[in-house]
Number of protein chains: 2
Amino acid sequence: MRLSTKGRYAVTAMLDLALNGTEGPVTLADISENQGISLSYLEQLFASLRGKGLVRGVRGPGGGYYLGRPADEISIADVICAVDEWVEFTRCNPRPSSADTQRGMTHSLWDDLSQQIYDFLTGITLADLVRRGMARTGGSDDAGKAAELLGLNNQAA
Amino acid sequence: MRLSTKGRYAVTAMLDLALNGTEGPVTLADISENQGISLSYLEQLFASLRGKGLVRGVRGPGGGYYLGRPADEISIADVICAVDEWVEFTRCNPRPSSADTQRGMTHSLWDDLSQQIYDFLTGITLADLVRRGMARTGGSDDAGKAAELLGLNNQAA
DNA sequence: GTATTACCAACTAAAGTACTGGGTTTTATC
DNA sequence: GATAAAACCCAGTACTTTAGTTGGTAATAC
């Protein structure tokens with residue numbers, strides 16, 4: 001599991017789509033300005049996201065990006081895995097020396113942890129974040145409007 | 001929150017101390033061989049860990065490193081924060097344009113997520129990982145022995 | 001047709017990763 | 001006291017990743 005600023009860019013951009021994509025596609029130029037990320041870097045990120053079906057691009061004037069699936073069917077793990085290569089480092093050279101069994105021990109413990117983090121992030125969707133953020137702000141702003149349109153208020157956690 | 005191979009190195013090294021530090025200090029040379037990490041890079045990591053009091057060094061022949069606290073009082077978040085600078089990127093320039101409120105929205109949603117991940121990792125200790133790994137392997141190996149010495153078997157999750 | 005947008009690819013500056021190599025201190029042991 | 005084992009320290013450096021720049025092509029609404 002890997003988590004860096006790249007993953008954060010991707011998640012916040014996806015949140016941007018979730019919040020602002022209710023009335024039409026969102027352009028990368030908008031996101032670029034909103035988030036302060038360069039347009040071309042966003043293009044790179046969205047190429048990965050599109051490859052995993054997490055976003056859908058619409059060309060031409062008035063075009064932009066939509067979420068590829070409903071916001072409650074896209075987990076944080078989905079987004080992060082799309083851009084932040086899931087470095088699986090169980091490089092278990094089959095050489096069962098005593099030093100190696102020790103290495104295998106700590107590595108398998110790490111794998112357990114890695115799996116726990118993954119499961120945790122799989123359980124959180126974009127919709128969850130929007131809903132929780134709304135609960136904090138009172139739901140009277142853009143997020144609230146977007147959430148209504150997304151039907152988030154009718155769902156259980 | 002940041003999570004990279006650097007954090008993984010630190011966690012596995014700390015697990016090494018938890019597993020092997022029951023009968024005396026563990027040398028960096030041992031860890032270097034066990035984990036396949038260069039000695040000098042380990043020194044850098046342990047300089048950070050020592051700075052946060054997570055490990056305690058013993059100089060001279062027969063020396064090495066101990067955990068700075070009991071394994072059930074060191075969380076994964078502690079270890080990762082020590083080496084993987086907690087990049088807090090709430091660079092909120094106080095410029096409340098409409099674009100900025102939008103940016104603030106997604107950023108605060110990210111901060112919520114970041115906090116959730118942090119809380120999650122704060123709730124997992126080195127002792128937890130050793131105990132769970134043991135449950136998987138049956139507890140009849142080195143981990144089991146170490147866990148007995150650490151008194152892990154008498155604790156609740 | 002033209003402007004707008006997604007899409008594509010090569011190059012590059014800056015930062016982070018992991019290692020190399022040279023030290024110095026401390027301290028147990030002979 | 002000499003020796004050696006270990007922590008501790010620091011400057012440099014090859015490599016990778018990050019993030020951005022530039023310069024395009026393809027689709028499409030108007």
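Letters A, B, ... are given to chains in the order of the sequence lines, protein chains preceding strands, and every chain is numbered from 1. Heavy atoms only: backbone and side chains are in, while hydrogens, waters and symmetry mates are out.
Applying the side-chain hydrogen bond (donor to acceptor under 3.5 Å, both in side chains) criterion to A:Arg69, with sequence neighbours excluded, gives A:Asp78. Among residues two or more places apart in sequence or in another chain, the salt bridge (Lys or Arg N to Asp or Glu O under 4.0 Å) test is passed with B:Asp112 by A:Arg136. By the ring-ring contact (aromatic ring centres under 6.0 Å, His included) test, A:Tyr66 is found to be paired with no residue, residues two or more places apart in sequence or in another chain being considered. The side-chain hydrogen bond (donor to acceptor under 3.5 Å, both in side chains) check on A:Thr27 picks up A:Asp30, with sequence neighbours excluded.
B:Ser4 has no side-chain polar atom (N or O) that falls below the 4.0 Å cut-off from OP1 or OP2 of C:dG16. Within the 4.0 Å cut-off from OP1 or OP2 of C:dC7, not a single side-chain nitrogen or oxygen of A:Arg56 is found.
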Please tabulate, for the side chains in residues 119-127 of chain B, all donor-acceptor contacts under 3.5 angstrom to protein atoms that are two or more places apart in sequence or on a different chain.
residue: B:Asp119; atom: OD1; partner: B:Gln115; partner atom: NE2; Å: 3.1
residue: B:Thr122; atom: OG1; partner: B:Tyr118; partner atom: O; Å: 2.8
residue: B:Thr125; atom: OG1; partner: B:Ala127; partner atom: N; Å: 3.4
residue: B:Thr125; atom: OG1; partner: B:Asp128; partner atom: N; Å: 3.1
residue: B:Thr125; atom: OG1; partner: B:Asp128; partner atom: OD2; Å: 3.2

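Residue pairs meeting the ring pair (Phe, Tyr, Trp, His ring centres under 6.0 Å) criterion with at least one partner in residues 12-31 of chain B, sequence neighbours excluded, are absent. Here salt bridge (charged side-chain N to carboxylate O under 4.0 Å, His left out) pairs that include residues 47-66 of chain A, with residues two or more places apart or in two chains, number zero.
Looking at which nucleotide of DNA chain C each of A:Ala47 and B:Ser40 is closest to, the 5′-most match is held by A:Ala47. Along DNA chain D, the nucleotide closest to A:Val58 and the one closest to A:Leu39 are compared, and the more 5′ of them pairs with A:Leu39.
A:Leu42 places its CG atom 15 Å from the P atom of C:dT5, with the value rounded to the nearest Å. With rounding to whole Å, B:Lys6 atom NZ is found 8 Å from C:dG16 atom C1'. Between the OH atom of B:Tyr41 and the P atom of C:dG21 there is a distance of 18 Å, given to the nearest Å. The interatomic distance linking B:Ile37 (CD1) with C:dC19 (C1') rounds to 12 Å, in whole Å. At whole-Å resolution of the value, CD in B:Gln44 and P in C:dT17 are 10 Å apart. For the pair A:Tyr65 OH and C:dT4 P, the computed distance is 18 Å after rounding to whole Å.
Contact footprint of chain A on DNA chain D: nucleotides with an atom under 4.0 Å from a non-hydrogen protein atom, first to last in 5' to 3' order, D:dT17 to D:dA29.
If you check every strand for non-hydrogen atoms under 4.0 Å, A:Leu28 touches sugar and phosphate atoms only. Contacts of B:Phe46 with the nucleic acid, taken as non-hydrogen atoms under 4.0 Å apart, are absent.
What you find for B:Trp110 and A:Leu15 is that their closest heavy atoms are N-CD1, 4.5 Å.
Relative ring orientation between B:Tyr41 and B:Tyr9 is described as perpendicular, the plane-to-plane angle rising above 60° on a 0-90° scale split at 30° and 60°.
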Atom pairs, N/O to N/O, protein against nucleotides 23-30 of chain C, distance under 3.5 Å?
residue: C:dT25; atom: O2; partner: B:Arg59; partner atom: NH1; Å: 3.4
residue: C:dT26; atom: O4'; partner: B:Arg59; partner atom: NH1; Å: 2.9

